[in-house]
There are 2 protein chains.
Amino acid sequence: MTDQLSKAFAALADPTRRDLVARLAADGDATPGELGAPYAMSLQAVSKHLKVLEEAGLVTRSQKGRRRPVHLEADVFDLMTKWIERYRREAEERYARLDAVLGNLTGSDDRERDVS
Amino acid sequence: MTDQLSKAFAALADPTRRDLVARLAADGDATPGELGAPYAMSLQAVSKHLKVLEEAGLVTRSQKGRRRPVHLEADVFDLMTKWIERYRREAEERYARLDAVLGNLTGSDDRERDVS
DNA sequence: AAGTTGTGCAACCAGAAGGTTGACAATTGG
DNA sequence: CCAATTGTCAACCTTCTGGTTGCACAACTT
């Protein structure tokens, strides 16, 4: 799980982290304390979640006095949507071609192909 | 981790599963045996991965004789891209407004823009 | 009928994930 | 300077994950 894409998907697999991202997107930068306030979990747990988001590249943290505001980085979102959209498009195109073939022939056996 | 979105993100957090999805998108339906052939792992492990993909709604399995072809379902992709794009857009809009405010402070006459 | 093939299920294991508490580092208000 | 505030790090526990092996079982082949 070392690559960026895996980390990004894994980061967003957790509802709490998705909520953190949603709130950062809606309200802008916020500190761990502010971010953690709504949840019934320790600040340390929130800090861990933020670390996961940071290592996934979804978030950066800076130091403003003794506060450490968290900032959402939108770039990784592009990485994810590109991956998803690529294969969704490929699948759709493939099914479109299949439909075309079925429409033309009404019955043909083209199977038994090795997956490289 | 009961909701669909969490399962979908978690499913794609694994490189092997992303590869399975990629190949299903490129080559169309395939059996577990065909799908597992390229990997240095047991067929049972592949079967587990397919189960994860199935429970995430990314894939369906049918029964054709003793073969159980796996079929890619593109719908869940939409769910994921919608989530991602929504918050990316919110974040970008927020930063755009911030830029506008900063622009105003430095003497520009740029006004607030409605973006929805 | 008997064997082979394709696939799933259960038990087990090591390591990662997500939470807890306790200690500690840094900044700053008094 | 002292102490409160803000947050991280470390150790620990429990649950989840991803792999293994062994077995079951239905469905083709011969």
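In what follows, chains carry the letters A, B, and so on, assigned in the order in which the sequence lines appear, proteins first and then strands, with residues in each chain numbered from 1. Only heavy atoms go into these numbers, but all of them, side chains included; no hydrogens, no water, no symmetry mates.
A salt bridge links B/E93 with B/R89: at least one charged nitrogen is closer than 4.0 Å to a carboxylate oxygen. Taking the charged nitrogens against the carboxylate oxygens, A/K64 and A/D29 have no contact shorter than 4.0 Å, which rules out a salt bridge.
Direction of the helix axis in the helix from C/dA1-D/dT30 to C/dG30-D/dC1 shifts by 20° between the two five-pair termini, rounded to 10°.
Distance alone, capped at 3.5 Å, places no donor-acceptor pair between the B/R88 side chain and the A/F77 backbone. The closest donor-acceptor contact from the side chain of B/R61 to the backbone of B/E54 lies at 3.5 Å or more, if one exists at all.
With C/dT20, C/dG18, D/dG19 as the candidates, the nucleotide lying closest to the side chain of B/A45 is D/dG19. Checking C/dT20, C/dT7, C/dA26 against the side-chain heavy atoms of A/Q63 singles out C/dA26 as nearest.
Aromatic ring orientation, A/F9 versus A/W83: perpendicular (interplanar angle above 60°, classes split at 30° and 60°).
Toward the 5' end of DNA chain D, the nearer of the two residues A/P32 and B/D14, judged by each one's closest nucleotide, is A/P32. Summary of the strand contacts: A/R66 and B/T16 both lie near DNA chain D, and taking for each the nucleotide with the nearest heavy atom, the more 5' one is attributed to A/R66.
Phosphate proximity of C/dG8 to B/R61: present, with a side-chain N or O under 4.0 Å from OP1 or OP2.
Open room surrounds CZ on A/R67; 12 or fewer heavy atoms of other groups in view lie less than 6.0 Å from it.
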